[in-house]
Protein chains: 2
Amino acid sequence: MARATISDVAAAAGVSQATVSRALRGSANVSPATRAKVEQAAEALNFTLSKSASTLASGRTMRVLLLVSGPLNTWFNASVLQGVYDVLAPEGYDTIPAFVTNREQLDRFFRDLPRDRNADAIIITSFEFDTALHDQLSALGMPVVGLNSPSTAGFDASIGIDNAAAITSGVQLLRSLGHRRIAFVHDYIPHDMVYGTSTRVAAFRTAAAQAGYGDDDIVMIGADHHDTTPAMLDATAAGIVARLLSCEQHPTGIMGETDEFTAAVYKKLRRQHLAAPRDFSIMGFDDAPVSRTLDLTTLHQNPVALGNAAARKVLALLRGEAPERTHELVPATLVLRETTGRAPNGR
Amino acid sequence: MARATISDVAAAAGVSQATVSRALRGSANVSPATRAKVEQAAEALNFTLSKSASTLASGRTMRVLLLVSGPLNTWFNASVLQGVYDVLAPEGYDTIPAFVTNREQLDRFFRDLPRDRNADAIIITSFEFDTALHDQLSALGMPVVGLNSPSTAGFDASIGIDNAAAITSGVQLLRSLGHRRIAFVHDYIPHDMVYGTSTRVAAFRTAAAQAGYGDDDIVMIGADHHDTTPAMLDATAAGIVARLLSCEQHPTGIMGETDEFTAAVYKKLRRQHLAAPRDFSIMGFDDAPVSRTLDLTTLHQNPVALGNAAARKVLALLRGEAPERTHELVPATLVLRETTGRAPNGR
DNA sequence: TTGTAGGCGTTATCAA
DNA sequence: TTGATAACGCCTACAA
């Protein structure tokens, strides 16, 4: 038997198609009796509304795009997806993941997007837009919400963690523990794209200065390219540790841009038979699973919650309401674990 | 300006709507000249086909469902999603993730699914179907492909790793290293659902027997409930280690059902100042990131590749072709790292 | 290779 | 509260 259509249900229930549509969507202005009749008929015919037909007729696609930077199978991105999904699914929206890993893909994505009215809104994670992108963005005609983007420019709403405040608390911790010289180790920073985490580098500089560290007391060491494989990350970490330890007076307090990156550095340090917090203190950022595994002190953020919040803002925007808070900044809090402690004597 | 429709393009290009449709979909039987004209007109009008309208008219949704067990933000599930996405996206298909964590949700998912013709195919990851589900499944009328499912029953095609062979190689390793007594530690096994990884438990029993281990030489220790949070996993691991070490002659060779679970156990063991491979050997399963972090010997599988393969089978099925291999079993190979070695003396 | 025209299954507007 | 009916934007025989 062919699938039932709305008119089959209408016939079975003895009402019009319009009434079936109203009843099944839980719309107001349907008498309880009628609604019950319709629901029964639909049930009997094993009928549900076709999403495609609804979409076409209403102009609403019931889909929201989630654009993340980098692969989907990272802790952060997957968690954001989970968070977005959790609030969107009950509302009947599909979450459609998409990702870009470099500028070229990003441009292509936006070039194709406006021509493609196949989503009602878009959530953009972890990177910023320059003017060019900004223009295309506004041409989209759909709500755009940012998640952990370096700035709020171009977004109808946004949610993100307060990187600067978090980094400051981390620096303060190291200072409290007596570390005279501190370092920040970070991943490659591409010139053509601004990532959410990139702001942490600048934040460290600022925080360190404010905490009283002189220029000679802070060292910044970055990777010179993106590390896509574990083996490459490993090599990069080795290089960074080499530079770290060959400073004439090496820093004893180390902060990393992300837990993953920090973990790689930490492992290399241990391979030199240096131990934390005996010989140095090290802390990551994110509170990703790897930080638990290694008992790494870190700065906690909750990407699932961020995803939830972003999705809620999308929902509000879609309803034509203003989100409770348009641009929201949530704290990332210090999680003390085993890799930080009093600075070694004599340093 | 309102969005252009296909008839605007037709008018601009001086052809019929049908020709525009054919040209834009890359269909055959369109002269290069006409195609060029159409493409130009579409470009000028910033036009692309509406997915919803196409779907409605053609009956094809260009969407495939990916049903995973457990949250999306696990290494395995996120990687499968990535893998599926990678091959489906270029073909114009959206990947729509969905997940269920228990039997009730699973039932609900399938109860709603047939009434909801909003996907062309479905990929089901990591669990099996009993007869009841099987029936609903075939009523779906769309291709169903399995990924790491315990059996191939009910699937039009499937891909998975050979758990039994992998477990066997692990057991052989422990035997070669001289471990007289071996243990298998595993997560909770619910009674109402069969997971892909559950088969590893039985596989261990079989492999151990075949390798010559007597009943007294193998110990199986499982969790008695699912551990959803890190803290709970931690507690469970503590209980397991307690049982492990309180055996009158405790096993020195340990295999775990998954890397994550194994890592939790390993950490607890270390907290007792036991070291691998000095005091015991331990190996995980999956080659998840945590196994690298801890230098854990493990059995490698590649969920991204599994996702790729599953998606390719979907594509073939959707084209009405038979996949190159309908039911495929790929090996999971032993990765030697630092946590396995010769059994301690005198054991 | 291209055009014609009916239909895909809803939603939304307007009356009743 | 309910019913007619005209969109919604494209696909696909079928015909030319």
Side-chain angles (χ1 to χ4, degrees), chain A residues 1-39 41-42 45-63 92 115-120 141 318 320, chain B residues 1-39 41-42 45-63 92 114-120 141 318:
Chain A
M1 64 180 177
R3 318 166 175 121
T5 76
I6 202 171
S7 63
D8 297 329
V9 178
V15 297
S16 72
Q17 297 184 20
T19 301
V20 174
S21 175
R22 283 187 282 253
L24 258 28
R25 276 178 302 149
S27 138
N29 301 354
V30 179
S31 75
T34 308
R35 187 185 302 276
K37 254 195 319 194
V38 171
E39 280 170 351
L45 292 169
N46 200 30
F47 168 88
T48 44
L49 297 170
S50 150
K51 211 158 195 163
S52 316
S54 304
T55 291
L56 180 58
S58 69
R60 269 173 265 112
T61 67
M62 299 307 282
R63 271 170 258 157
R115 326 170 65 187
D116 203 288
R117 44 216 175 301
N118 290 313
D120 296 334
L318 250 20
Chain B
M1 64 182 176
R3 319 166 175 121
T5 77
I6 200 171
S7 62
D8 297 329
V9 178
V15 297
S16 71
Q17 296 186 18
T19 300
V20 174
S21 173
R22 283 188 282 254
L24 258 28
R25 275 177 304 144
S27 135
N29 303 354
V30 179
S31 75
T34 309
R35 186 185 303 276
K37 255 195 319 196
V38 171
E39 280 170 351
L45 293 168
N46 200 29
F47 169 87
T48 44
L49 297 170
S50 148
K51 213 157 193 163
S52 317
S54 304
T55 292
L56 181 57
S58 70
R60 267 175 267 111
T61 67
M62 298 308 282
R63 272 171 258 158
R115 326 170 68 187
D116 204 290
R117 46 222 174 296
N118 291 315
D120 296 335
L318 250 21

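In what follows, every chain begins at residue 1, and chains take the letters A, B, ... in the order their sequences are listed. For clarity, every value in this text was computed on a predicted model and none was experimentally measured.
- Counting any heavy atom pair closer than 4.0 Å across all strands shown, V20(B) reaches no nucleic acid atom.
- Across dG3(C), dT2(C), dG9(D), the shortest atom-to-atom separation from the side chain of V15(B) is found for dG3(C).
- Looking at residues two or more places apart in sequence or on another chain, you find a side-chain contact (heavy atoms from CB on, under 4.5 Å) between S54(B) and L49(B).
- For dC11(D), the OP1/OP2 oxygens have a side-chain nitrogen or oxygen of S21(B) closer than 4.0 Å.
- Listed by chain and residue number, nothing satisfies the side-chain contact (heavy atoms from CB on, under 4.5 Å) test with A11(B) (two or more places apart in sequence, or in another chain).
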| task | Given side chain to side chain contact (heavy atoms under 4.5 Å, CB included), test S52(B) with R63(A) step by step and report yes or no. | result | CA-CA 11 Å; S52(B) 317; R63(A) 271 170 258 157; 3.6 Å; yes
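- A straight line from CG of N29(B) to P of dT12(D) spans 13 Å, rounded to a whole angstrom.
- Side-chain nitrogen and oxygen atoms of S31(B) include at least one within less than 4.0 Å of the OP1 or OP2 phosphate oxygen of dT2(C).
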Under 3.5 Å, N/O pairs linking protein and nucleotides 4-8 of chain C:
none

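- Ranking dT11(C), dT2(D), dC11(D) by closeness to the R25(A) side chain, first place goes to dT11(C).
- Taking atom CD1 of residue I6(B) and atom P of nucleotide dG3(C), one finds them 12 Å apart after rounding to whole Å.
- For K51(B) and dG9(C), the NZ to C1' distance is 20 Å, given to the nearest whole Å.
- Listed by chain and residue number, I6(B), R25(B) satisfy the side-chain contact (heavy atoms from CB on, under 4.5 Å) test with S21(B) (two or more places apart in sequence, or in another chain).
- Put simply, CG on L45(B) is 14 Å from P on dG9(D), counting in whole angstrom units.
- Rounded to an integer number of Å, the gap from CE of M62(A) to C1' of dT10(C) is 14 Å.
- Out of dT1(C), dT2(D), dC10(D), the shortest distance to the side chain of V30(A) is found at dT2(D).
- Residues that satisfy the side-chain contact (heavy atoms from CB on, under 4.5 Å) test with A57(B), not counting sequence neighbours, are absent from this structure.
- Within the 4.0 Å cut-off from OP1 or OP2 of dC10(D), not a single side-chain nitrogen or oxygen of R60(B) is found.
- Side chain of T61(A) to backbone of T55(A): no donor-acceptor contact under 3.5 angstrom is found.
- Qualifying side chain to side chain donor-acceptor pair (under 3.5 Å) partners for S58(A), counting only residues two or more places apart in sequence or in other chains: none.
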